[in-house]
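Reading through the structure tokens given below for one structure.
Whatever order the structure lists them in is the order used to number ligands and atoms, beginning at 1.
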Amino acid sequence: MIIAFDGHSSTGKSSLAKEIAKHYHFIHLDSGALYRTITFITILENKSFDELLDENYCIPFLTVKCDDNELSIFYKNQKLESQLRTQEVNSKVSKIASQPRVRDYVTSLIRETLKDKSVVADGRDIGTEVFPNSDLKFFITAKPEIRSKRRFLEVQASGGNSSLESIHQNLMDRDKIDSSREVAPLRVAEDAIFIDNTFLTKEETFILVKSYIDRKIEDISE
Ligand code: CDP
């Protein structure tokens, strides 16, 4: 079974997908982390995406493993986590993710790593491009001001010091680039369930999404 969560930044879709995956014992894929990884490595090595690739179309020293129902990403034996969420990565990731060759690389990597597995995946193009045959597709959004505030609180809680204004600007810039790129732009799949969680708590969003999934599982098993 494949469940896709696409939508705007800071709608809580990654933590929602993670909770849903945990609940149903599926694997969680945060596809944004892969675009962030490529951005992080290009910054670290001071190379373009094409310059990172070897003759086998691989990025040397990059490994993606499936541990505890989560994908873990390692570069040169170091697990990548907080390094992917810096302001520099935030400001560069959408431009890098708009390159067709980068999208091709990430999409192939996801399909190869998760072949034949039950997956809850979140991103911008999961239901439209990566897994168009997903059993259920959700599109999650919320009012921009609420999203910026949520991200601001998250950054503060993790000890960051970005201002609300700079976070808001970054989210708006990324939304614009993500929605207007030529390859696999962010859009609502025709068969997606649209959820605006501006006025919903995390728990309410979880309960709503779970009700659709439970119904789907019942339909499949009938
Ligand atoms: O967590 P947040 O919503 O801020 O972003 P993310 O899911 O980590 O994704 C970071 C960036 O990667 C997005 O702004 C997109 O530019 C890109 N992305 C994409 O193009 N396609 C995906 N399936 C996932 C992320």
Side chain or backbone, does Asp30 bring an N or O within less than 3.5 Å of an N or O on ligand 1? no
- Task: Answer yes or no for Ser10: is there a heavy-atom contact with ligand 1 below 4.0 Å?
- Result: yes
When distances are taken from atom 8 (O) of ligand 1, the protein heavy atom at minimum range is Arg36 NE, 2.7 Å
Query raised in the report: Do the rings of Phe5 and Phe138 sit parallel, tilted or perpendicular, given the 30° and 60° boundaries?
Result: parallel
* For Arg181 and ligand 1, does the shortest N/O to N/O distance drop below 3.5 Å? -> yes
shortest atom 9 (O) of ligand 1-to-protein heavy-atom contact is with Gly32 CA, 3.6 Å
**Asked** Any side-chain donor paired with an acceptor under 3.5 Å for Asn69 and Tyr24?
**Response** no
Practice task
Kindly indicate, with the supporting measurements, whether the criterion side-chain hydrogen bond (donor to acceptor under 3.5 Å, both in side chains) is fulfilled by His8 and Asp178.
Solution key: CA-CA 9 Å; His8 292 109; Asp178 294 344; over 6 Å; no
(message) So that I can tick it off, tell me whether Lys79 and Asp67 are bridged by a salt bridge, with the cut-off set at under 4.0 angstrom between side-chain N and carboxylate O.
(response) no
If you compare Arg151, Lys13, Glu129, Arg103 by their heavy atoms, the one closest to atom 1 (O) of ligand 1 turns out to be Arg151
protein heavy-atom neighbour closest to atom 17 (C) of ligand 1 works out as Ala97 CB, 3.8 Å
Atom 16 (O) of ligand 1 sits nearest the protein heavy atom Asp178 OD1, 2.6 Å
If you compare Lys92, His8, Arg124 by their heavy atoms, the one closest to atom 3 (O) of ligand 1 turns out to be Arg124
Quick note on ligand 1: atoms under 4.0 Å from a heavy atom of Val93 include exactly 11 (C), 12 (O)
If you scan protein heavy atoms around atom 4 (O) of ligand 1, the nearest is Arg174 NH2, 2.8 Å
With Leu71 as partner, the option from Leu109, Val119, Leu29 fulfilling side chain to side chain contact (heavy atoms under 4.5 Å, CB included) is Leu29
Q. Does a donor on one side chain and an acceptor on the other come within less than 3.5 Å for Arg181 and Ser98?
A. no
Atom 24 (C) of ligand 1: of Ser31, Ser14, Ala4, the nearest heavy atom sits on Ser31
message = For the backbone of Pro185 and the side chain of Arg124, can you confirm whether one donor and one acceptor N or O come within less than 3.5 Å of each other?
response = no
- Task: Look only at the side chain of Lys137 and the backbone of Gly127, and say whether a donor-acceptor pair between them is shorter than 3.5 Å.
- Result: yes
Exercise for review: Give me the ring orientation class for Tyr75 and Phe61: parallel if the planes are under 30° apart, tilted from 30 to 60°, perpendicular past 60°.
Suggested key: perpendicular
Per-atom filter on ligand 1: closer than 4.0 angstrom to a heavy atom of Asp125 are 21 (N), 22 (C), 23 (N)
